[in-house]
Amino acid sequence: MRIIRRRKIYDTKISKEMVRYHLHNRNNISWFDEALYLTNNGCWFVAGEGGPLSAYGIDLGRGEKEGGKKLVPMSIDEVITWLEIRCEYALLEAHFSDYLEYA
């Protein structure tokens, strides 16, 4: 998957997949499969696909939805939140230790 945003090319084929997160039961209309990527230039993004009621669902109007795919560039704060929600603490500490502090 590939997109161009703000003159930057985000491409899953040439970026490093850092972690994958999924709900693979395709009988569930909320299924999804997504991965967090890091580009060679240090930019982060999530790419994924999912069912009609997932974050990747596409609204067709008149109350109808279908599954879809998308790639979303992310800020540092968005990546940290994404990792926190998914309990990916090793990646948080490895890449964002400057943003963490003891409570």
Side-chain angles (χ1 to χ4, degrees):
M1 194 179 309
R2 176 184 167 161
I3 66 166
I4 299 173
R5 289 273 159 50
R6 295 185 200 109
R7 298 186 211 166
K8 292 183 180 180
I9 300 170
Y10 298 87
D11 191 334
T12 57
K13 290 182 182 176
I14 61 171
S15 299
K16 183 177 180 184
E17 183 178 312
M18 303 304 288
V19 64
R20 183 166 289 276
Y21 193 71
H22 55 83
L23 172 62
H24 268 272
N25 182 354
R26 291 192 182 230
N27 292 328
N28 183 330
I29 57 176
S30 297
W31 76 271
F32 65 91
D33 186 3
E34 64 186 5
L36 178 67
Y37 290 86
L38 178 60
T39 69
N40 292 334
N41 293 327
C43 294
W44 294 87
F45 65 93
V46 169
E49 65 178 318
L53 294 185
S54 73
Y56 300 96
I58 299 169
D59 188 356
L60 302 174
R62 293 175 289 171
E64 297 179 22
K65 290 188 170 190
E66 70 179 8
K69 296 180 179 182
K70 64 180 154 181
L71 188 153
V72 181
M74 298 176 77
S75 68
I76 297 297
D77 287 335
E78 290 169 325
V79 175
I80 290 170
T81 299
W82 194 93
L83 292 169
E84 285 176 341
I85 290 169
R86 289 155 183 84
C87 300
E88 293 291 340
Y89 303 131
L91 273 175
L92 269 170
E93 291 179 310
H95 293 276
F96 303 104
S97 61
D98 292 348
Y99 295 86
L100 305 174
E101 63 183 47
Y102 284 97

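- Within the model, atoms OG of S15 and CE of M1 stand 12.0 Å from one another, a figure rounded to the nearest 0.5 Å.
- Tracing side-chain contacts under 4.5 Å through hydrophobic residues (I, L, V, M, F, W, Y), one reaches F32 starting from V79; they form part of the same cluster.
- Within the model, atoms CD of E78 and CZ of F45 stand 14.0 Å from one another, a figure rounded to the nearest 0.5 Å.
- The two residues S54 and S30 have their closest heavy-atom pair at CB-O, 3.7 Å.
- Here the OG1-NZ distance, from T39 to K16, works out to 12.5 Å after rounding to the nearest 0.5 Å.
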Sequence neighbours left out, cut at 3.5 Å: what donor-acceptor pairs do the side chains of residues 88-103 make with other protein atoms?
none

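- For N41 (side chain) and C43 (main-chain N/O), no donor-acceptor pair under 3.5 Å exists by modelled atom type.
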Determine all donor-acceptor pairs shorter than 3.5 Å in which one atom belongs to a side chain in residues 56-74; sequence neighbours excluded.
from: Y56; atom 1: OH; to: E34; atom 2: OE1; distance (Å): 2.5
from: D59; atom 1: OD1; to: G61; atom 2: N; distance (Å): 2.9
from: K70; atom 1: NZ; to: A55; atom 2: O; distance (Å): 3.0

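- The hydrophobic cluster containing L38 also contains Y21, counting ILVMFWY residues as joined when their side-chain heavy atoms lie under 4.5 angstrom apart, directly or transitively.
- Follow the hydrophobic side-chain contacts under 4.5 Å out from I9 and you never reach V46; the two are in separate clusters.
- The minimum heavy-atom distance linking V19 with L83 is given by the pair CG1-CD2, 4.3 Å.
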